[in-house]
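Only a predicted model underlies this, so the values are computations on that prediction, with no experimental measurement involved. We name chains A, B, ... by the order of the sequence lines, and we start the count at 1 in each one.
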Amino acid sequence: MLTDARLVAAKDLRIEMRSKVTVSQVVPFAGLVLVMFGFALDANRPTLDLATSGLFWVTVLFVAVMAVQRSTAIETTDGARRALLLAGVEPSAVFMGKAAAVAVQLLAVELVLIGGIIVLYDASIEEPLLLVATCVTATAGIAAAGTLLGALVAGVRARETVLPILLLPVLAPVLLGATRAFDDALGAVAVNGWSWLAMLVGFTVINVAFGVTAYGVLLEET
Amino acid sequence: MTTTTASDITGTRRRGTGSRTTFWLGSVGLVGVVVLILLGFFAAPADDDQVDAVRMIFIHVPVAMLTYVAFSLTAVGSVLWLWKRSIWWDTVALSAAEVGVMFCGLTLFTGSIWGRPTWGTYWDWGDVRLVTTMILFLIMVGYLAVRSLDGDSATLATRAAVIGIIGAVNIPIVNRSVTWWSSRRTLHQKSSLTDGNLEDLTLFTMMFGLVVFSILMLWMMIHRFRISWLERQVSEGNLSEALIARRAEAMVAVETGRVGGAIQPELGRQPDKGGFGEVEDSK
């Protein structure tokens, strides 16, 4: 299964590399959102210090919606999903591969965004290990839930509007947990970030497990 | 020109979704609402602390409890659709979700109205139950959004079932995360049923409200179930009837040698919509 998942992830990432959408559109969009938040909060330094973690993860969620829509569109176009089914690849492997590809793209954007908050919001990293662990865990959870819900709206005309309605409420715990853990990692608020990380691990494990189980049903029936 | 109605297809002369059971349920529910209003506004005493605002719990607590009952039914129905392919349970899941979203909206609405005089604010971000209920409401609104997408009923049922289960699976995590997130003491009072501070008549009125709203929920769910069941029969009946009619017309056309041409108006055929294009071309 892991070999198949790696193949699917490599395929998706190769398509993204060739289309250059992530580099030319998604990353500039993420940077733009950071700048807009700066304008909206009147570039007030104390406010930005307190809000940096939340703004970072809200931006990541916006980017996640775009990344999941891209990931779904790849399979919808030209009946590629049927071809994937006919290729005999396990649906769970397809899920793992597509989620991994979304996660890799999100992590790349997050890397740029961390540079953005350091430069634009004057953030300083107090606990690098917690910061990296939060990024990896939260991103895996976002990618898992996003890939599953993306398959759910595949082939639907109104999927651009329906996906955020479905995805964002489900990702509410990630926004809460990752923001609090980042608050600790950036030294903005005195909270125990590691306990929030444990909650993120729980969210990710549950959504990966459910995705592996349910993805096949959606892939074959929708 | 005749118009095909749902009753023609289902072979029943009944108009609407009522029956003797729903008539009595609705009547008892209506009388119950009147009695609840009398009890709530005139018989039950005002609270020492909350004064008249306490009367809101006669609606708020029952609809909040029934919201969770409805969404639990949606989760169970979703599992049984995916597991057993039970159309009955899928229809129960849909009916419960619609009624549940309405009750959940009522819970948030009545809670906000009650919160203003009691807490001094309509909304408090530090309150776990409030925020969890709002996220649950948004997830279930998404469920209904999926139900309204285009597609055949089985596909929609599968898509919606996954959302129904995701909602149920994630709610404990949402609740836990909001609990931790809430740095302030929660404003929500402890369970009105268990804290033992309610007057006897107040408690009785609240329990009476629970019974009345349970009857109303059941009444609405039965009607919604029947509407959904008929919709499914109409859509599937229309398709199969149309297929049978087209095949019969094709057989007649072949047997009489009148392929295309004169027979087309009788078929109600629209030239731009395909149909017997190949047959016509081969003439």
Worksheet item: If you count heavy-atom pairs under 4.5 Å with chain B, which of A:L149, A:N207, A:T161 comes out on top?
Response: A:N207

Response to the item:
chain A shares the most heavy-atom pairs under 4.5 Å, among B:I135, B:V141, B:L136, B:V131, with B:I135

Worksheet, complete the sentence: Closest non-hydrogen contact found for A:L218 with B:R159 is CD2-CA, 4.2 Å

Fill in: chain A contact via B:L149 - which portion, at a heavy-atom distance below 4.5 Å
side chain

Practice prompt. Any chance you could lay out the side-chain contact (heavy atoms from CB on, under 4.5 Å) test for A:F210 and B:V162, step after step, and finish with the verdict?
Written response: CA-CA 9 Å; A:F210 186 57; B:V162 172; 4.0 Å; yes

Practice prompt. Give a yes or no on this: more than 12 heavy atoms of other residues, nucleotides or ligands lie within 6.0 Å of atom CE of B:M140.
Written response: yes

Response to the item:
When rounded to the nearest 0.5 Å, the distance separating CD1 of B:I139 from CG of A:L166 is 9.5 Å

Discussion item. Could you measure the distance from the CG atom of A:L168 to the CG atom of B:L138? Nearest 0.5 Å is fine.
Written reply: 9.5 Å

Worksheet item: Quick check: are there more than 12 heavy atoms from other residues, nucleotides or ligands sitting under 6.0 Å from CZ of A:F29?
Response: yes

